[in-house]
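Data block below; observations after.
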Amino acid sequence: MTGTEIKALDAQNVMQTYGRFDAVIERGEGATLYSPEGKQYIDFTSGIGVNSIGYGNKKWVDAITAQAMKLQHISNLYYSEPYVKLAEQLASRTGMKNVFFSNAGGEANEGMIKLARKYSFDKYGRGRSTIISLIQSFHGRTITTLSATGQESFHNFFFPFTEGFKHVAANEIECLENELTDDVCAVMIELIQGEGGVLPLDSEYVKAVADLCASKDVLVLVDEIQTGVGRTGTLFAFQQYGIKPDVISFAKGIAGGLPMGGIIANEKCSKVLTPGTHATTFGGNPVSAAGALEVLRQLDDAALEEVTKKGEYIRNTIKGWNKSAVGEIRGKGLMIGVSMKGVLPKDAAQACVDNGLLMLTAGADALRMLPPLTISYEEMDKGLEILKSVL
């Protein structure tokens, strides 16, 4: 099909819930994508951080193909090898205790919220179920994760929202102290607020949050949906902040492009969810788990060091540009936000697409980059040259 035919079918048959950019993608290789007509795009998005090890990754394709030939799905009422091996890898590489597998980020965060409330209910009974999250946070699009999201623009249309959430300003520990009342069971944070504008939390603040919560037996929940799986230069971002969360959530890049998410709990929270208290049909799917095992195999220490170096390369390159268009450069590793001066991020992103570069926006003022972690320096240079020309 041509790009025009694909867009026409979309308009006729698909709910128009996305503000799509005018680009039709047929195939990819490395960090380079192609339209049906052969137009080339450098990808600085990786499907919003999902295609972590790029396109056409042969070892990943071989891993999921071999698993699909053996077993594509089995109920969680039975055991299978891929998910247990993956859980072992995640537990050992995070220093946490055990894993629950889900399908995507919003569902993972729902599971994390349920765990926090059950932990408190089991220990203290009713009346201790409030969860505090941060202003400018984003935790998903289910009714409950929208409630957890600290952006007013998302709090519309779908009333009534799930109760039991309140939001405080980031990096202001006094605000958290004031709201940490006896009804609070957990504090839920993103260490870098991705959708909010690529806004990293201060290390001192994060440590203060962890200490304060520990003193009150309030759980620390870290949403690593976007920051996890090597995106910031360590397997998970919390490993750079000097804290040990009670629970973290993950999704996006874990399976290299296949649907997968989940939560990882520490020892204290490892036995909270018991038979019948949480479940999902597709969680721990064997093919997705096989893909995830290959992603983790490729993201060894050397690869994670390269993520850090590539992120520094992109940031240092942009710092040398004309300051009339570029403001603050934020983020860690290959999670990068660039604030715009005098240009709407959506307009800049569309202009990038028109010129062969896929870009994301974040918050009110920023362009966001989440390229495949395996992107080459040649592809980075091509993409940066397009971005510079556009700006």
Side-chain angles (χ1 to χ4, degrees), residues 18 20-21 23-36 39-65 67-68 86 102-106 108 192 194-195 198 224-233 235-237 250-262 285 287-300 303-304 306-307 310-311 314 331-337 349 352-353 356-362 367-380 382-384 386:
Y18 299 103
R20 301 186 200 272
F21 290 102
V24 179
I25 306 303
E26 182 181 59
R27 61 187 177 88
E29 181 177 350
T32 304
L33 297 169
Y34 299 88
S35 74
K39 181 174 179 178
Q40 184 182 104
Y41 298 91
I42 301 298
D43 183 17
F44 275 15
T45 74
S46 63
I48 316 185
V50 170
N51 301 314
S52 49
I53 53 175
Y55 303 90
N57 187 300
K58 187 176 186 308
K59 291 182 178 179
W60 179 83
V61 172
D62 288 346
I64 64 172
T65 301
Q67 181 58 49
L86 178 58
S102 65
N103 304 296
I192 303 175
E195 302 294 331
V198 191
E224 294 252 20
I225 304 301
Q226 194 165 142
T227 55
V229 196
R231 176 57 54 188
T232 66
L235 190 62
F236 288 95
F250 64 91
K252 289 195 180 292
I254 183 63
L258 295 177
M260 175 168 269
N285 172 266
V287 179
S288 293
L293 282 166
E294 181 58 29
V295 168
L296 292 183
R297 191 193 69 78
Q298 294 190 30
L299 293 182
D300 57 15
L304 293 173
E306 267 301 298
V307 170
K310 289 172 181 177
I314 290 175
K332 292 179 181 288
L334 285 172
M335 183 175 181
I336 301 169
C352 286
V353 170
L357 172 65
L358 301 190
M359 291 285 287
L360 297 164
T361 61
L367 287 175
R368 179 175 31 148
M369 304 178 204
L370 301 170
L373 306 180
T374 52
I375 189 171
S376 69
Y377 282 87
E378 179 183 1
E379 288 168 320
M380 285 191 290
K382 286 182 180 178
L384 288 167
I386 294 170

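- When all heavy atoms of Ala108 and Ile225 are compared, the closest pair comes out as CB-CD1, 4.2 Å.
- Remark: the backbone N or O of Leu373 is paired with a side-chain donor or acceptor of Lys310 at under 3.5 angstrom.
- Tyr18 meets the side chain to side chain contact (heavy atoms under 4.5 Å, CB included) test with Arg20; sequence neighbours excluded.
- Using modelled atom types, no side-chain atom of Thr45 and backbone atom of Leu360 make a donor-acceptor pair closer than 3.5 Å.
- Of the residues Arg231, Arg368, Lys252, the one that meets the side chain to side chain donor-acceptor pair (under 3.5 Å) test with Gln226 is Arg368.
- Checked against side chain to side chain contact (heavy atoms under 4.5 Å, CB included), Tyr34 has the following partners two or more places apart in sequence or in another chain: Arg27, Thr32, Gln40.
- Closest heavy-atom contact between Phe21 and Met359: CE1-O, 4.1 Å.
- The heavy-atom pair separating Ala23 from Val353 by the smallest distance is CB-CG1, 3.8 Å.
- Side-chain atoms of Leu334 and Ile314, non-hydrogen and from C-beta on, do get closer than 4.5 Å to each other.
- Only one option out of Leu358, Ile375, Ile386 pairs with Phe44 in a side chain to side chain contact (heavy atoms under 4.5 Å, CB included); it is Ile375.
- Nearest heavy atom pair, residue Ser52 against residue Gly256, reads OG-CA, 3.8 Å.
- Closest heavy-atom contact between Gly30 and Pro372: O-CG, 4.4 Å.
- Within 6.0 Å of the CD atom in Glu29, the count of heavy atoms belonging to other residues, nucleotides or ligands does not exceed 12.
- Taking NZ of Lys39 as the reference point, atom CD1 of Ile25 lies at 9.0 Å (rounded to 0.5 Å).
- Atom OG1 of residue Thr232 and atom CE of residue Met335 lie 8.5 Å apart, to the nearest 0.5 angstrom.
- Residues satisfying the side chain to side chain donor-acceptor pair (under 3.5 Å) criterion with Lys58, sequence neighbours excluded, are Asp62.
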- request: Would you sort out whether Asn57 and Val295 count as a side-chain contact (heavy atoms from CB on, under 4.5 Å), showing the intermediate values?
  value: CA-CA 10 Å; Asn57 187 300; Val295 168; over 6 Å; no

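- With hydrogens and angles ignored, the 3.5 Å screen pairs no side-chain donor or acceptor of Trp60 with any backbone N or O of Tyr55.
- Here the options are Ile48, Val198, Asp43, the test is side chain to side chain contact (heavy atoms under 4.5 Å, CB included), and the partner is Leu370; only Ile48 passes.
- Rounding to the nearest 0.5 Å places CD1 of Ile42 at 12.0 Å from SG of Cys352.
- Separating the CG atom in Leu357 from the CG atom in Leu33 is a distance of 10.5 Å, to the nearest 0.5 Å.
- Leu299 contributes atom CG, which lies 7.0 Å from atom CD1 of Ile53 (distance to the nearest 0.5 angstrom).
- In terms of modelled atom types and a separation under 3.5 Å, the side chain of Glu294 and the main chain of Ala63 share no donor-acceptor contact.
- A donor-acceptor distance shorter than 3.5 angstrom exists from the side chain of Ser288 to the backbone of Pro259, with no hydrogens or angles considered.
- The structure places CD1 of Ile336 at 12.0 Å from CG of Leu367, a figure rounded to the nearest 0.5 Å.
- Considering every non-hydrogen atom in both Ala292 and Met260, the closest pair reads CB-SD, 4.0 Å.
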